[in-house]
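Let me begin by presenting the structure, written as structure tokens, before commenting on it.
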Amino acid sequence: MWRGGWRARGVLRRLSGGSAHLGAWRWGSTKACERALQYRIGERIHGFTVNQVTPVPELSLTAVKLSHDGTGAQYLHLAREDGNNLFSVQFRTTPTDSSGAPHILEHTVLCGSQRYPCRDPFFKMLNRSLSTFMNAFTASDYTLYPFSTQNPKDFQNLLSVYLDAAFFPCLRELDFWQEGWRLEHEDPNDPQTPLVFKGVVFNEMKGAFTDNERIFSQHLQNRLLPDHTYSVVSGGDPLCIPDLTWEQLRRFHAMHYHPSNARFFTYGNFPLEQHLKQIHEEALSKFQRIEPRTSVPAQKPWDEPREFQITCAPDSLAEGPSGQTTISVSFLLPEITDTFEAFTLSLLSSLLISGPNAPFYKALIESGLGTDFSPDVGKGFEEDHIEALLHKIEIQMKHQSVSFGLTLTSYIASCWNHDGDPVELLKLGSQVAQFRKCLEENPRFLQEKVKQYFKNNRHKLTLSMKPDDKYSEKQAQMETEKLQQKVTSLSPEEKQQIYEKGLELQAQQSRPPDASCLPALRVSDIEPRIPVTELEVVQAARDTPVQYCAQPTNGVVYFRAFSSLNALPEELRPYVPLFCSVLTKLGCGSLDYRELAQQVELKTGGLAAAPQVLPDDSHLNTYEQGVLFSSFCLDRNLADMMHLWSEILNNPRFEEEEHFRVLVRMAAQELSNGVPDSGHLYASIRAGRTLAPAGDLQETFGGMDQVLLMKRIAEMTDLQPVLGKLLRIWKHLLSCDSLRCSVNATAQQMLQVEGAVEAFLRSLSRTEKEQRSMCPHVVEKPAPKASSGSCLVIRRLVTDPTFEPCQMKTHFLLPFPVNYVAECIRTAPYTAPDHASLKILARLMTAKFLHTEIREKGGAYGGGARLSYGGMFTLYSYRDPRSTETLQSFMKAIDWAKAGRFTQQDIDEAKLSVFSAVDAPVAPSDKGLDHFLYGLSDEMKQVHREQLFTVCHEDLVDVSNRYLGARRSTHGVALLGPDNASIAKDPSWVIRQR
């Protein structure tokens with residue numbers, strides 16, 4: 001995976017990851033930290049020497065720095081009482097051209113190694129492991145290989161595969177052809193068809209550069225740092241990738257993938273000694289120390305500022321071309337290895353540009369393009385603005401994430417890559433203290449930094465990007481010329497070799513893989529039962545049910561409220577996502593939007609609202625619709641957070657039209673920018689639109705219809721009618737019996753929390769009389785009883801007993817050089833026994849058929865099958881050079897499944913992969929969330945778990961025939977991509993213009 005371009009790397013990059021689902025969270029004990037504190041400097045352990053042992057109390061961990069005696073490899077272990085253990089190894093990779101050598105190498109090393117010579121062990125381990133994360137990343141100057149798991153045996157298995165892949169890869173030429181680039185006949189079996197470029201990375205990068213933000217950030221980095229490796233595209237420029245040879249790739253590996261150029265990282269509560277022993281014995285003991293020639297010299301500062309102009313394709317999903325010019329002013333700053341200076345500049349950047357109180361926001365976002373710094377900068381920064389930023393750091397340090405190890409390895413990677421001290425980088429508490437001391441000793445501390453690094457800095461780049469109607473045409477023409485250049489230089493013998501190599505590659509891809517050399521867990525290694533989550537549901541003010549979940553939240557309180565949308569008129573529903581987006585940003589009561597933003601940052605970790613479509617667990621034609629409000633805060637700020645919610649929900653300020661216009665444009669642009677990275681998700685939502693009653697609302701809230709609606713709203717000159725609709729949504733939202741709440745906090749906080757929630761509920765201006773539902777059929781469904789408490793939660797679900805699914809095939813025309821394809825099939829709800837079989841089947845089809853067909857043979861960056869909680873079975877592809885051919889591959893996959901061409905070993909591997917997701921760890925903040933939103937009890941999850949265990953070959957063949965091979969009315973198809981002649985001629989397709 002490519003992580004190229006210019007990326008913000010600061011302390012305010014969130015030190016917390018996303019939430020997951022089911023699993024155990026271990027927190028509170030310090031056994032792992034206590035073990036780590038026993039190490040002594042100079043102590044030798046399995047070929048490593050301990051260099052430093054440092055407690056980092058603000059992150060509840062102990063850092064142990066080591067070095068390998070024989071090779072000089074650096075090692076950092078972060079001991080923390082977290083069961084989700086992580087390993088990563090990173091190499092400093094410094095390309096000198098844009099042929100994509102580090103990126104293609106990242107793909108190719110994972111295609112087989114000396115100890116594990118089977119084809120594609122990386123993807124096969126996804127099905128032989130209970131990993132919670134497996135991936136690899138190519139950045140501008142390093143390549144990172146991380147994985148995480150909660151199982152000690154699994155950790156050793158994955159570590160063995162990763163070490164062998166990184167240090168002893170096969171690097172076969174056919175793997176380079178498949179993953180990097182190749183010349184191959186359009187039809188590999190027909191030498192009369194034209195030669196074309198193919199390859200996974202080639203297509204990935206074509207897709208990546210359909211995103212104008214990536215184009216801009218890549219040029220910004222290349223132009224601002226032109227003297228060395230940052231002047232090239234580490235992921236590969238599609239026009240330069242065909243210049244890379246297999247021999248050059250092998251040389252790049254030999255130069256960069258050596259232990260002396262490596263940095264090892266482990267995190268969690270597994271014993272360090274075992275990691276060191278395995279890494280030394282399986283890899284490092286086989287190498288001698290070298291002096292790596294991979295350092296990056298400092299960029300020479302400019303004498304004068306520079307300006308550049310570039311072009312891009314018009315964004316067809318954003319407002320008109322006149323509003324699509326992008327401009328930036330960038331500066332060369334000091335080395336990132338100066339930890340405190342980097343910390344200070346990160347804070348300074350946030351003070352200058354983040355949020356409506358920032359000077360640049362006022363000068364540029366609200367009043368048009370500025371020509372100089374805002375005059376506010378010279379006056380200094382408001383104390384509350386600085387305190388809000390420091391509060392943000394404090395709460396992010398306390399917020400517990402299930403992917404904290406991955407977050408930390410990513411956070412330290414750039415600094416450590418250039419020999420900075422990663423442990424110093426983690427000492428956020430001491431950095432905050434030093435920052436406060438500097439401000440106290442010198443009130444103009446920040447203004448002087450602005451003057452030093454911005455006003456008086458001659459290394460300044462002004463970069464502008466404008467849309468060019470012919471941009472895509474020019475890119476396609478350059479690719480055509482590159483192809484012609486390659487083809488015309490070929491001799492007849494070389495053309496024959498290409499044809500034969502294409503057949504050889506196709507034969508390799510079609511050959512049944514032998515993965516017997518790979519280590520694997522067994523289904524018997526999976527825990528038979530889920531851990532119990534204790535919940536209490538009580539009746540609070542105005543008969544509102546509140547779910548309380550006592551968890552080790554580290555002094556943070558997490559609050560959620562769900563409000564039904566059943567009373568909302570149909571014509572207002574498309575505007576619910578916009579309502580949610582702006583509600584917490586427009587101001588409320590006596591606070592204007594700037595004052596509200598300040599209070600939110602000072603008192604909370606953020607306030608959010610999001611539309612929800614929640615499928616029923618037992619009926620495909622039934623769902624719940626509503627808005628989820630969520631926030632979290634330090635316990636000392638609970639009353640303030642609840643007061644903010646009370647003001648926002650009682651007295652929102654929808655009259656702030658000018659700021660609303662700014663928010664609309666930003667929201668529309670954000671949606672538009674997200675399509676290239678999430679095209680498969682948009683295609684999947686669209687494909688399921690006509691298969692269940694919830695499908696149409698999901699498309700309205702989160703599909704391409706929403707993207708296009710926001711484009712139209714952003715282009716409106718008069719936004720008063722839209723504001724009027726949002727005001728009507730607000731009036732319909734909070735009826736007395738449509739609200740339920742949940743809180744996760746420590747047991748010691750619960751008394752305080754109950755009082756605050758009670759006061760909040762009493763403060764809401766809600767109608768005692770239930771508003772008439774706008775939905776023709778609403779059923780009341782009691783949620784399963786919680787483990788304690790007397791209150792029963794009644795969920796009001798929308799149902800359509802007369803609904804009949806119908807097939808629709810939609811092609812969204814978008815100016816992309818690749819496609820996103822999805823076929824959706826209506827199957828079985830969560831509590832049906834067939835749901836478990838279909839979940840295993842989706843993983844089985846992905847691993848054993850679709851990966852080979854879509855990625856290896858088809859050249860798409862990704863593809864597979866998945867089953868949603870709501871019973872929608874989706875086959876999809878991502879950044880795919882093919883379109884209708886991929887739909888044919890989906891049909892072949894269904895035929896393969898119906899014929900039962902898989903073994904018991906295949907089924908067991910699919911179960912392991914499914915359980916790795918089912919048992920992914922859950923953060924304290926998210927415990928009980930499935931019960932709160934979906935009405936899923938631990939007992940229901942346990943029944944589903946047992947159904948997964950018992951799925952057999954006969955079950956899989958049965959559901960394949962009954963659901964996937966059923967009448968076509970239960971199938972929907974959608975495709976996002978360029979013009980397609982065959983689709984245009986087919987009347988069964990609906991063509992949607994942008």
Salt bridge or not for [X] and [Y], using N-O below 4.0 Å?
{"X": "D617", "Y": "K941", "answer": "no"}
{"X": "E624", "Y": "R795", "answer": "yes"}
{"X": "E909", "Y": "K848", "answer": "yes"}
{"X": "E758", "Y": "R762", "answer": "yes"}

Nearest non-hydrogen partners of [X] and [Y], listed with the distance:
{"X": "G928", "Y": "L535", "result": "CA-CD2, 3.9 Å"}
{"X": "L761", "Y": "A540", "result": "CD1-CB, 3.6 Å"}
{"X": "T970", "Y": "P805", "result": "CG2-CG, 4.4 Å"}
{"X": "G703", "Y": "I685", "result": "CA-CG2, 4.2 Å"}
{"X": "S925", "Y": "N744", "result": "O-ND2, 3.3 Å"}
{"X": "D616", "Y": "P829", "result": "O-CB, 4.5 Å"}

* Between F270 and F155, does a ring pair (Phe, Tyr, Trp, His ring centres under 6.0 Å) hold up when you go through it step by step? -> CA-CA 9 Å; F270 291 166; F155 191 99; 5.7 Å; yes

Can you check whether [X] reaches [Y] side chain to side chain, under 4.5 Å on heavy atoms?
{"X": "P693", "Y": "V798", "value": "no"}
{"X": "S937", "Y": "K785", "value": "no"}
{"X": "T553", "Y": "F632", "value": "no"}
{"X": "D82", "Y": "N269", "value": "no"}
{"X": "L130", "Y": "D919", "value": "no"}
{"X": "F873", "Y": "V959", "value": "no"}
{"X": "V161", "Y": "F147", "value": "no"}
{"X": "I840", "Y": "K911", "value": "yes"}

Go through the side-chain N and O atoms of [X] and [Y] and say whether any donor and acceptor fall under 3.5 Å apart.
{"X": "S631", "Y": "T604", "result": "no"}
{"X": "R796", "Y": "S564", "result": "no"}
{"X": "S837", "Y": "D834", "result": "no"}
{"X": "D938", "Y": "Q942", "result": "no"}
{"X": "S148", "Y": "T132", "result": "yes"}
{"X": "H643", "Y": "K603", "result": "no"}

Classify the ring geometry of [X] against [Y]: parallel below 30°, tilted from 30° to 60°, perpendicular beyond 60°.
{"X": "F559", "Y": "W645", "value": "tilted"}
{"X": "F902", "Y": "H953", "value": "tilted"}
{"X": "F404", "Y": "Y267", "value": "perpendicular"}

* To do: Only counting residues at least two apart or in another chain, list the ones meeting side chain to side chain donor-acceptor pair (under 3.5 Å) with S684.
  =>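 Scan of S684 (side chain to side chain donor-acceptor pair (under 3.5 Å), adjacent residues dropped) gives R866.
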
Sub-3.5 Å donor-acceptor pair from the side chain of [X] to the main-chain atoms of [Y], do we have one?
{"X": "S646", "Y": "M642", "answer": "no"}
{"X": "N961", "Y": "V957", "answer": "yes"}
{"X": "H931", "Y": "P784", "answer": "yes"}
{"X": "N621", "Y": "P801", "answer": "no"}
{"X": "S913", "Y": "A910", "answer": "no"}
{"X": "H835", "Y": "A828", "answer": "yes"}
{"X": "T407", "Y": "S403", "answer": "yes"}

* To do: Decide yes or no on side-chain hydrogen bond (donor to acceptor under 3.5 Å, both in side chains) for T149 and D154, but give the supporting numbers first.
  => CA-CA 7 Å; T149 181; D154 197 30; 2.9 Å; yes

* Asked: Heavy-atom count around Q904 CD within 6.0 Å, excluding the residue itself: above 12?
  -> yes

* **Heavy atoms from other residues, nucleotides or ligands near NE2 of H944 exceed 12 (cutoff 6.0 Å)** =>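 Yes, NE2 of H944 has more than 12 neighbouring heavy atoms, counting only those of other groups under 6.0 Å.
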
* To do: Let me see the working for T799 and H619 under side chain to side chain contact (heavy atoms under 4.5 Å, CB included), right down to the final yes or no.
  => CA-CA 9 Å; T799 187; H619 296 94; 6.0 Å; no

* To do: Mind running side chain to side chain contact (heavy atoms under 4.5 Å, CB included) on R843 and L126 for me, showing each step along the way?
  => CA-CA 10 Å; R843 188 60 224 168; L126 289 171; 4.1 Å; yes

* Which is it for Q625 and V576 under the side chain to side chain contact (heavy atoms under 4.5 Å, CB included) test, yes or no, and what are the steps along the way? -> CA-CA 11 Å; Q625 56 180 341; V576 170; over 6 Å; no

* Do R522 and K153 pass the side chain to side chain contact (heavy atoms under 4.5 Å, CB included) test, and can you show the C-alpha distance, the side-chain angles, and the key distance before you say yes or no? -> CA-CA 11 Å; R522 297 185 298 271; K153 180 181 175 184; 3.8 Å; yes

* Spatial distance of atom CZ (F629) from atom CG (L607) [nearest 0.5 Å] ->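 Atom-to-atom, F629:CZ and L607:CG are 11.0 Å apart.
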
* To do: Determine, for F701 and R573, whether the Lys NZ or Arg CZ falls below 6.0 Å from the six-membered ring centre while staying within 45 degrees of the axis.
  =>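 The answer is no; the distance or angle limit is not met.
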
* How about H275 and F87: are their ring centres within less than 6.0 Å of each other? -> no

